[in-house]
Amino acid sequence: MGRRKKVRLEQIAEAVGASIVTVSNALNDRKGVSEELRSRIKEKAKEMGYEASETPVQVKKKSYTIGVIVAERYVKEFPSFYMDIYKYVAQEATKRGNVTILEVADKTKEELEQEFNTFRDIDIAGIIIIGEMNRAYVNEVKKFHDNPIVCVDFYDTLEDIDYIVTDNFGGMEQMTEVLLKTGHEELAFVGTPQATGSIMDRYLGFAKAMTKWGKTVDAANVIPDRDENRYSYKIEVELPERLPDGFVCNCDKAAKTLFDKLMERGVSIPEEVSIVSFDHYYSQAQNGIELTTYENDEKVIANISVNTLIKRIEGGKHPKGIRIVEGKVIQGNTVKER
């Protein structure tokens, strides 16, 4: 009788539709595998006649090349929230033995006004897109590369993509209620809802809080801070003649611009007017003035994004759609009880 051929991990992985790493973890009782899948893998291994080595099988981790795409308009601004996220994405990927390649897509690339060539001659295992981009461009990336894609800080209805987003809606609802709970009666939202999906979600969070508290929400409550054109990123705020007693700013940059305008008019903050914001990106509006704002944790967002992408690359579960990463309220000194 001939010697029985040894069953390899690759064969078990193929039989159960899992990655080699997952099979190794299951057979060696490591964490990271559900009990249902662990049981199925062990049963299949027994059925195939797999014999474990005396020492646990060490599966060499693969090194992947991860493409990261950021729109040029987000890079031009300083400081750049999205470039900070990219920095943490690169750090997290490097810790795992992977390499990131950054593609900065200018307007002509994003609008597909030139031949699509993003990562054309590079063996990319997966792609992370940071910041909202033209849907047609995202579709082209998806079609051209046929690799797992993770989108950060924006979402859409495109299938086979994971979306990792900050809690724009819930976070802004919380910030609005910071003012309502401290007795503020008239509030204005500073931002252009039609400019990006993130600002729209923040406006809707503002509107929900106002509605819950029986406040009217209409165009009079909105002060635009930029053009609706996605490529125009200049922040400008025009103060109304009659000021509300509280401003809810869609981001810290808008809050800083608003603060400067109010100071020019001689308005005292927070004695006369209170301000809340979003992002926790400017630690100070001016010396001694700390914005009351909502903090997004870029490190956590980057960590989840890289982890999710690698799971997809290694044959993990299908994309789960939208995942919301909650932040927290940062208490500054721009709010006063009324």
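Basis for what follows: all heavy atoms, side chains included, without hydrogens, waters or symmetry-related copies.
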Notebook entry, point to check: Rounded to the nearest 0.5 Å, how far does CD1 of Ile130 lie from CZ of Phe154?
Noted result: 10.0 Å
Check: Does the pair Glu92/Lys299 count as a salt bridge with the N-to-O cut at 4.0 Å?
Finding: no
Note to self: So, applying side chain to side chain contact (heavy atoms under 4.5 Å, CB included) with Thr166, which one of Ile301, Asp279, Asp297 is it?
What the structure shows: Ile301
Check: Can you tell me how far OG1 of Thr257 sits from CD1 of Ile235, rounded to the nearest 0.5 angstrom?
Finding: 6.0 Å
Checklist line | Distance-only side-chain donor-acceptor flag, Thr308 / Ser305, under 3.5 Å | finding: no
Next item on the list: May I ask you to decide whether Arg312 forms a salt bridge with Asp162, counting only side-chain N to carboxylate O separations under 4.0 Å?
Entry: yes
Check: Salt bridge or not for Glu103 and Arg120, using N-O below 4.0 Å?
Finding: no
Notebook entry, point to check: Can you list the residues that meet the side-chain contact (heavy atoms from CB on, under 4.5 Å) rule with Asp218, with sequence neighbours excluded?
Noted result: Thr216, Ala220, Asn221
Next item on the list: Test Glu236 against Lys234 for salt bridge (charged side-chain N to carboxylate O under 4.0 Å, His left out), laying out the working first.
Entry: CA-CA 6 Å; Glu236 292 182 324; Lys234 186 177 181 181; 3.4 Å; yes
Margin query: Please check: side-chain N/O of His145 versus main-chain N/O of Thr118, any donor-acceptor pairing under 3.5 Å?
Written below: yes
Next item on the list: Check whether any side-chain N or O of Ser80 sits under 3.5 Å from a backbone N or O of Tyr74 as a donor-acceptor pair, and report yes or no.
Entry: yes
Margin query: Check this for me, if you would: do Glu185 and Lys215 make a salt bridge, where the nitrogen-to-carboxylate-oxygen distance has to be below 4.0 angstrom?
Written below: yes
Item checked: Glu110 side chain vs Asn134 backbone, donor-acceptor pair below 3.5 Å -> yes
Check: Do the charged groups of Lys107 and Glu113 touch, with an N to O distance under 4.0 Å?
Finding: yes
Next item on the list: Take Phe119 and Ile69 through the test side-chain contact (heavy atoms from CB on, under 4.5 Å) and record every step on the way to the result.
Entry: CA-CA 10 Å; Phe119 307 130; Ile69 305 173; 3.7 Å; yes
Item checked: Side-chain ion pair, Lys46 and Glu43, N-O less than 4.0 Å -> no
Checklist line | Glu115 CD: over 12 foreign heavy atoms closer than 6.0 Å | finding: no
Margin query: To the nearest 0.5 Å, what is the distance between CZ on Phe169 and OG on Ser198?
Written below: 14.0 Å
Margin query: Could you measure the distance from the CD atom of Gln91 to the CG atom of Asn303? Nearest 0.5 Å is fine.
Written below: 11.5 Å
Next item on the list: Output, in order, the C-alpha distance, side-chain angles, deciding distance and verdict of salt bridge (charged side-chain N to carboxylate O under 4.0 Å, His left out) for Glu140 and Lys143.
Entry: CA-CA 5 Å; Glu140 196 68 19; Lys143 181 175 67 175; 3.5 Å; yes
Note to self: Under a 4.0 Å threshold between the charged nitrogen and the carboxylate oxygen, would Glu298 count as salt-bridged to Lys87?
What the structure shows: no
Next item on the list: Take Gln11 and Tyr50 through the test side-chain hydrogen bond (donor to acceptor under 3.5 Å, both in side chains) and record every step on the way to the result.
Entry: CA-CA 10 Å; Gln11 294 170 297; Tyr50 172 75; over 6 Å; no
Notebook entry, point to check: Does Ser277 use its side chain to pair, donor to acceptor, with the backbone of Cys251 at less than 3.5 Å?
Noted result: yes
Note to self: Just to verify, what does Lys328 make a salt bridge (Lys or Arg N to Asp or Glu O under 4.0 Å) with, not counting sequence neighbours?
What the structure shows: Glu295
Notebook entry, point to check: Are Glu47 and Lys44 within salt-bridge range, i.e. N to O under 4.0 Å?
Noted result: yes
Checklist line | Arg96 and Ser63: side chain donor to acceptor below 3.5 Å | finding: no
Notebook entry, point to check: Roughly how far apart are Asp225 CG and Thr192 OG1, rounded to 0.5 Å?
Noted result: 4.5 Å
Next item on the list: Please determine, by modelled atom types, if Thr292 and Gln331 share a side-chain donor-acceptor pair under 3.5 angstrom.
Entry: no
Notebook entry, point to check: Do Glu132 side-chain atoms and Gly197 backbone N/O form a donor-acceptor pair below 3.5 Å?
Noted result: yes
Checklist line | Spatial distance of atom CD1 (Ile127) from atom CD1 (Ile313) [nearest 0.5 Å] | finding: 9.5 Å
Check: Is the closest basic N to carboxylate O distance between Lys256 and Asp252 below 4.0 Å?
Finding: no
Notebook entry, point to check: What is the minimum heavy-atom distance between Ile199 and Phe189, and which atoms define it?
Noted result: O-CZ, 4.0 Å
